[in-house]
Amino acid sequence: MRLALLGCGTVGSEVVRLLHEQAADLAARIGAPLEIAGIAVRRLGRDRGDLPVDPTLFTTDALGLIKRDDVDVVVEVVGGIEPARGWLVEALRAGKSVVTANKALLAEDGAALHDAAAEGGGDLYYEASVAGAIPLLRPLRESLHGDRINRVTGIVNGTTNFILSAMDATGAGFAEALEEATELGYAEADPTADVEGFDAAAKAAILASLAFHTRVGAADVHREGITEVTAADVASAKAMGCTIKLLCIAARGADAAGRETVSVRVHPAMIPLGHPLASVGDAFNAVFVEAEAAGPLMFYGRGAGGAPTASAVLGDVVAVSRNRLAGVRSASESAYADLPVRPMGEALTRYHISLDVADRPGVLEAVAGVFARHDVSIATVRQGPAGGGAAGRGEDADLVIVTHVAPDAALAATVRELRGLDIVRSVASVLRVEGGL
Ligand code: NDP
Ligand code: HSE
């Protein structure tokens with residue numbers, strides 16, 4: 001099996017190292033030795049340390065490498081939309097098998113890749129694109145194909161989980177925690193993709209596509225990042241026995257006419273400390289899958305970093321290589337259900353709202369009236385002196401309201417109207433709540 005490696009950065013260099021260290025085992029598992037035909041990179045002169053590979057294999061001509069007749073499998077660990085899309089479509093149409101970790105591309109235009117794979121007859125595997133080392137996509141696309149998945153809830157971005165965990169545990173500032181995540185190789189080349197939720201949204205789209213047999217793209221996912229989560233939010237969550245996580249939630253539902261739909265969203269949310277996802281710290285990922293017959297399933301492990309991601313890449317390389325030797329290919333894309341994606345406004349969620357209000361008669365009634373007008377039911381109300389101390393500031397009060405489940409649009413309209421009341425000095429924080437509280 002001759003392999004073209006596109007990219008030799010955080011993930012690619014670990015793929016090279018593992019291919020070298022485990023050469024004999026991999027050959028035995030596949031039934032033929034795996035050889036690197038070439039490695040495409042951007043900078044030939046880059047110092048790659050003591051990478052165990054022949055330096056003459058490096059090239060900047062990725063397309064030329066892909067087109068070579070002696071290449072069977074193309075492994076793409078470059079990232080981004082172009083030129084990766086052009087390369088992979090070319091490889092797949094030519095009948096080569098492709099292994100990629102590129103969630104951005106799969107969420108942006110997975111259809112182009114699946115269509116090219118169907119045309120060329122090769123395999124398209126992408127286990128490393130979601131939740132790094134965790135075997136998750138294969139269970140969704142194979143093991144659970146006899147079941148019906150109703151909901152997928154997960155922490156699928158290591159960088160933001162690292163940052164939120166650090167903010168929660170040590171009180172570290174956002175910038176400091178992000179710098180450390182970048183040094184550890186968790187963050188994307190441009191960390192905006194992580195902290196603004198684009199990376200998690202891409203993964204959510206891939207998970208929803210597999211779980212619901214429906215093409216879901218990045219544009220279908222409601223996305224909010226963690227840049228607006230403050231130390232005060234983290235402290236407020238703590239005071240309520242909760243923690244804040246960036247969650248990806250993909251769920252089946254129904255529209256007003258009773259037709260089946262899916263909703264896919266990524267946003268920070270407060271979850272109680274007793275929730276299984278609350279204890280997922282550091283750059284770890286965890287994904288909860290709720291299936292009709294199987295019940296709840298939990299997948300947990302390292303979601304980012306060179307070696308964990310390379311483990312998933314190599315697992316795919318072994319699978320596609322075995323298929324090629326046997327002259328077969330895996331099942332193609334399953335998108336037959338083609339369910340409509342519901343807008344975020346219709347998603348059913350709960351809000352935790354902290355208000356700084358005037359402390360005088362009638363304020364609670366006025367605030368409760370806003371919730372009632374939008375048909376949002378209040379679950380709990382907690383009031384204390386503004387500033388938290390026993391005496392407080394005297395004229396203001398802190399009001400913390402947690403709602404029952406309501407459509408997101410009704411909750412958002414409630415917050416908009418609250419912001420316009422003169423008795424509301426400020427809306428200190430608005431966070432969605434998942435799990436019981
Ligand atoms: P890096 O930025 O560390 O590496 C990118 C590699 O691609 C480098 O070797 C770079 O070359 C090469 N490259 C960039 N542009 C070109 C080009 N135009 N032509 C040829 N080569 C090019 O990225 P990562 O290894 O972190 O990520 C790779 C992929 O894996 C991405 O899709 C990412 O989303 C995904 N991923 C990453 C994880 C992680 O933890 N890092 C986890 C899961 C998925 P050069 O070395 O010369 O700069
Ligand atoms: N930047 C990504 C993360 C890498 O932090 O999860 C893994 O996909």
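In this chain, residues are counted from 1 in sequence order. Indexing begins at 1, ligand by ligand and atom by atom, following the structure's order. This is a predicted model, so every value here is computed, not measured.
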Option from D70, D72, D69 for which salt bridge (Lys or Arg N to Asp or Glu O under 4.0 Å) with R2 holds:
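Only match with R2 under salt bridge (Lys or Arg N to Asp or Glu O under 4.0 Å): D70.
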My understanding is that only one of E434, E346, E224 makes a salt bridge (Lys or Arg N to Asp or Glu O under 4.0 Å) with R265; could you say which?
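By the salt bridge (Lys or Arg N to Asp or Glu O under 4.0 Å) criterion, R265 pairs with just one of E434, E346, E224: E434.
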Quick test of your reading of the structure: of A128, G303, A104, whose heavy atom lies closest to atom 7 (C) of ligand 2?
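Closest candidate by heavy-atom distance is G303.
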Regarding [X] and the six-membered ring of [Y], is the cationic atom NZ or CZ under 6.0 Å from the ring centre and inside 45° of its axis?
X    : Y    : result
R141 : Y125 : yes
R151 : F288 : no
R302 : Y186 : no

Does a side-chain N-to-carboxylate-O contact under 4.0 Å join D115 and R215?
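Yes, this pair counts.
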Between the side chains of R138 and D316, is the shortest nitrogen-to-carboxylate-oxygen separation below 4.0 Å, so that they form an ion pair?
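Looking at D316 and R138, the cut-off is met.
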Quick one: look up the protein heavy atom nearest [atom] and list residue, atom name and how far away it is.
atom                   : result
atom 2 (C) of ligand 2 : E188 OE2, 3.2 Å
atom 5 (O) of ligand 2 : T159 OG1, 2.6 Å
atom 8 (O) of ligand 2 : K103 NZ, 2.5 Å

Can you list every protein residue that has a heavy atom under 4.0 Å from any atom of ligand 1, sorted by chain and residue number?
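Lining ligand 1: G7, C8, G9, T10, V11, A40, V41, R42, R43, R46, R48, V77, V78, G79, W87, A101, N102, K103, A128, G185, E188, A304, G305, T309.
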[X] N/O under 3.5 Å from ligand 2 N/O:
X    : result
A187 : no
K203 : yes
Y186 : yes

Please check if any side-chain donor atom of S165 sits under 3.5 Å from a side-chain acceptor atom of D168, or the reverse.
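The criterion, which ignores hydrogens and geometry beyond distance, is not satisfied for D168 and S165.
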Answer with side chain, backbone, both or neither: which part of D194 has a heavy atom less than 4.0 angstrom from an atom of ligand 2?
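Side chain only.
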At under 4.0 Å between heavy atoms, is it the side chain or the backbone of T309 that contacts ligand 2, or both, or neither?
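Looking at T309 and ligand 2, no heavy atom falls under 4.0 Å.
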Would you check if the side chain of E76 reaches a backbone N or O of V78 as a donor-acceptor pair within less than 3.5 Å?
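Checked: pair present.
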Using the side-chain contact (heavy atoms from CB on, under 4.5 Å) definition, which of the options R432, R350, H374 pairs with T403?
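It is R350, the one option of R432, R350, H374 that forms the side-chain contact (heavy atoms from CB on, under 4.5 Å) with T403.
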Let me have the donor-acceptor pairs involving side chains of residues 275-287, under 3.5 Å, with sequence neighbours excluded, atom names and distances please.
unit_1	atom_1	unit_2	atom_2	d
H275	ND1	L277	N	3.0
S279	OG	P276	O	3.4

Find all atoms of ligand 2 within a distance of less than 4.0 Å from any non-hydrogen atom belonging to G158, and give their numbers and elements.
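Taking each heavy atom of G158 in turn, ligand 2 has 3 (C), 5 (O), 6 (O) under 4.0 Å.
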What are the atoms of ligand 2, with element, lying closer than 4.0 Å to any heavy atom of N157?
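Near N157, meaning under 4.0 Å from one of its heavy atoms, ligand 2 has 2 (C), 3 (C), 5 (O), 6 (O).
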